[in-house]
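Take a look at the structure below.
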Amino acid sequence: MLDFYREFILDHYRHPRNKGKLPNADISHEEHNPVCGDRIHMDIKLEDDHIADIKWDGEGCTISQASASILSEMVKGKSIEEVRQLSKEDLLEQLGMETLTPARIKCALLSLKVLKAGLYGLTTWPGEEDEWN
Ligand code: FES
Ligand code: FES
């Protein structure tokens, strides 16, 4: 893994942003990676048409947890429509996509699955169906 991405991911893993629970969340959703059992939970507070606040919690590998932290920063304050446009490639690019193996890509996309399933009710794994984009 390139040094920049390695440091970036480790920093988010060690100092996770927006980790915790949101009392009075409008949306609470959790998914796990069936391969390893790692799980991520997200609480989302909506205001009008945008994500006013988001918190996540979970346990799992470095990439899944760092990805949740990074994703939470990417979408906080964004409109629901903007988040709908957010693709798995957008997130993978933030994480240094070309350095991840297929198994690690599932780790990286777990957080996006939770977010999209919570917001739009999509429950297929990225890559299995196109509805993620
Ligand atoms: Fe190392 Fe998932 S086990 S990133
Ligand atoms: Fe479980 Fe990465 S090894 S999500």
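Read the numbers this way: they start at 1 and go in the same order the structure lists the ligands and their atoms.
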Atom indices of ligand 2 within 4.0 angstrom of [X] heavy atoms, with elements:
| X | value |
| --- | --- |
| Arg104 | 3 (S) |
| Cys61 | 2 (Fe), 3 (S), 4 (S) |
| Asp38 | 1 (Fe), 2 (Fe), 3 (S), 4 (S) |
| Asn33 | 1 (Fe), 4 (S) |
| Ser64 | 4 (S) |

When rounded to the nearest 0.5 angstrom, what is the spacing between CD1 in Ile9 and CZ in Phe4?
9.5 Å
Quick one: CG on Asn18 to CH2 on Trp56, what's the gap to the nearest 0.5 Å?
9.5 Å
Close side-chain approach of Arg84 and Glu82, heavy atoms under 4.5 Å
no
Consider only side-chain N and O atoms of Asp43 and His41, and report whether a donor and an acceptor are under 3.5 Å apart.
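Their side chains do contain a donor-acceptor pair, which is all the 3.5 Å distance test asks for.
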Between Glu31 and His29, is there a side-chain donor-acceptor contact under 3.5 Å, judged purely by atom types and distance?
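His29 vs Glu31: donor-acceptor pair found between side chains.
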Pick out which of Ile70, Leu95, Leu71 makes a side-chain contact (heavy atoms from CB on, under 4.5 Å) with His12.
Ile70
One residue to check: Lys106. Relative to ligand 2, which of side chain, backbone, both or neither has a non-hydrogen atom less than 4.0 Å away?
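For Lys106, there is no contact with ligand 2 at all, from either part.
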Of Cys36, Pro34, Cys107, Ala103, which has the heavy atom at the shortest distance from atom 1 (Fe) of ligand 2?
Cys36
